[in-house]
Novice: 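Here it is, the structure in full.
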2 protein chains.
Amino acid sequence: MFQIDLKNRKSIYEQIVDNVKELIITGVLNAEDKLPSVRELSKTLTVNPNTIQKAYRELEYQGYIYTVSGLGTFVAAHTGLPIDDNKIAQIKERLRENTRELFYLGCSLEKIKSILDELLSERSDWNDKSK
Amino acid sequence: MFQIDLKNRKSIYEQIVDNVKELIITGVLNAEDKLPSVRELSKTLTVNPNTIQKAYRELEYQGYIYTVSGLGTFVAAHTGLPIDDNKIAQIKERLRENTRELFYLGCSLEKIKSILDELLSERSDWNDKSK
DNA sequence: CCTAGTGTACTATAATAGATAGTACACTGT
DNA sequence: ACAGTGTACTATCTATTATAGTACACTAGG
């Protein structure tokens with residue numbers, strides 16, 4: 001599934017949150033897919049069950065997964081949810097920061113434009129494939 | 001200059017690093033500008049001098065500022081430095097993550113495109129002004 | 001009903017990071 | 001000499017992180 005990097009400055013549960021979120025966003029995990037149980041994932045990653053639980057709780061709070069007591073943890077469906085303008089604004093701000101930094105590092109406008117175009121075409125490709 | 005948000009989950013020294021970096025990237029602080037001294041900034045922000053020192057050390061490590069013992073801390077000039085392709089690749093990856101997330105949150109391709117175009121035009125405007 | 005597997009809650013402990021407090025020293029320019 | 005600068009160091013406190021262990025309620029399948 002993924003690995004934990006102990007040298008990473010990010011804490012273990014944060015790495016789990018980010019990795020699972022990544023798998024969901026990229027479509028490796030789809031809605032209603034079952035995630036490994038707390039105990040199982042704690043064995044494969046050799047971390048404490050409580051740490052997994054903390055990560056799953058955070059993911060549930062952010063709306064990426066849901067749990068059914070006694071059954072397990074599953075990827076949440078997000079279709080039909082009202083578009084979260086607040087969250088989108090936050091991401092936009094992060095994008096702005098990153099483009100600013102590219103500019104500061106000496107990237108020309110053309111270079112930045114080509115990078116953004118490439119990212120957009122990646123989304124287009126994905127859109128075509130899923131049809 | 002800026003404020004520290006104690007409620008923020010980010011640590012104080014990280015907030016200082018991010019804020020100063022922001023001021024440099026956006027051009028509020030220019031090369032060779034003098035930053036507040038460790039003791040001065042610790043007073044205005046009412047945080048410990050050691051915390052300021054930690055932030056400045058990190059900023060120096062990242063190449064944004066430099067210090068002259070006995071004189072003070074200054075914004076580093078970055079022109080003439082070889083373009084750091086590694087750093088650019090990292091930022092590109094962050095941009096990719098963010099666009100993926102926008103897509104996952106239900107943004108249409110047109111919406112994403114308009115956001116990226118807007119960010120690019122902000123860079124163009126800035127470029128024009130500085131001429 | 002029993003059992004295995006699931007999420008959940010709780011206490012306790014240890015380790016680490018973050019922040020503060022205080023002191024001291026070397027350097028710079030006036 | 002002096003004031004202002006960065007720097008280094010120890011010590012202490014707190015919050016976060018991670019681990020360990022236990023316990024309980026729920027679900028599905030014999």
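The chains referred to below are lettered A, B, ... by the order of the sequence lines, with proteins before strands, and numbering in each begins at 1.
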Novice: Looking only at the side chain of B/N50 (C-beta and beyond, no hydrogens), which of the listed nucleotides C/dG22, D/dT19, D/dT27 gets closest?
Specialist: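 Per side-chain heavy atoms of B/N50, the pick is C/dG22.
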
Novice: To the nearest 0.5 Å, what is the distance between CG (A/L6) and CG (A/N8)?
Specialist: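 It is 9.5 Å, given to the nearest 0.5 Å.
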
Novice: Counting just side-chain N and O atoms, does B/T67 come under 4.0 Å of either OP1 or OP2 of D/dT5?
Specialist: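 So the side-chain polar atoms of B/T67 never come under 4.0 Å of the phosphate oxygens OP1 or OP2 of D/dT5.
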
Novice: Mark yes or no for whether B/Q15, through its side chain, and B/K10, through its backbone, hold a donor-acceptor pair below 3.5 Å.
Specialist: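 Judged by distance alone, yes, a pair lies under 3.5 Å.
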
Novice: Considering only C/dT6, C/dA21, D/dA20, which nucleotide approaches the side chain of A/K34 most closely?
Specialist: C/dT6

Novice: How many whole angstroms separate atom CG of B/L41 from atom P of D/dT7?
Specialist: 14 Å

Novice: Rounding to an integer number of Å, can you tell me how far A/I12 CD1 sits from C/dA15 P?
Specialist: 15 Å

Novice: Would you say C/dG7 has OP1 or OP2 under 4.0 Å from some side-chain N or O of A/T73?
Specialist: yes

Novice: For B/Y66 and D/dG6, give me the distance from atom OH to atom C1', rounded to whole Å.
Specialist: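 Interatomic distance, OH of B/Y66 to C1' of D/dG6: 14 Å.
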
Novice: Thinking salt bridges, do A/E101 and B/K87 make one under a 4.0 Å N-O criterion?
Specialist: no

Novice: In this structure, how many angstroms lie between the C1' atom of D/dT16 and the OH atom of B/Y13, rounded?
Specialist: 14 Å

Novice: If you assign A/E60 and B/L71 each to the DNA chain C nucleotide with the nearest heavy atom, which residue ends up on the more 5' nucleotide?
Specialist: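 The answer here is A/E60.
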
Novice: Between B/E22 and A/R100, is any pair of side-chain heavy atoms under 4.5 Å apart?
Specialist: yes

Novice: Phosphate oxygens OP1/OP2 of D/dA18: is one of them under 4.0 Å from a side-chain N or O of A/K54?
Specialist: no

Novice: May I have the step-by-step check of ring pair (Phe, Tyr, Trp, His ring centres under 6.0 Å) for B/Y104 and A/Y64, ending in yes or no?
Specialist: CA-CA 11 Å; B/Y104 178 79; A/Y64 287 92; 5.7 Å; yes

Novice: Give one of base, sugar-phosphate or nothing for A/R39, where a contact means two heavy atoms less than 4.0 Å apart.
Specialist: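 The residue A/R39 makes base contact.
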
Novice: Would you kindly give the CZ-to-C1' distance between A/R57 and C/dG7, to the nearest whole Å?
Specialist: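 Going from CZ in A/R57 over to C1' in C/dG7 covers 11 Å.
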
Novice: Could you tell me the separation between the CD1 atom of B/I52 and the C1' atom of C/dA21, rounded to a whole number of Å?
Specialist: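 Whole-Å distance recorded here is 15 Å.
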
Novice: Between C/dT6 atom P and A/I65 atom CD1, what is the distance in whole Å?
Specialist: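 To the nearest whole Å, that distance equals 15 Å.
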
Novice: If you check every side-chain atom of A/E40, which of C/dT6, C/dA19, C/dA9 has the closest atom?
Specialist: C/dT6

Novice: On DNA chain D, nearest-nucleotide positions of A/T51 versus A/S69: which is more 5'?
Specialist: A/T51

Novice: Does B/S37 have a side-chain nitrogen or oxygen under 4.0 Å from the phosphate oxygens OP1 or OP2 of D/dT5?
Specialist: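 It does, given that an N or O in the side chain of B/S37 lies less than 4.0 Å from OP1 or OP2 of D/dT5.
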
Novice: Just the rounded figure in Å: distance from C1' of D/dT16 to CG of B/N8.
Specialist: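 Nearest whole value for this atom pair: 15 Å.
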
Novice: Do the side-chain N or O atoms of B/S11 get closer than 4.0 angstrom to the phosphate oxygens (OP1, OP2) of C/dA17?
Specialist: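 No, no such contact exists.
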
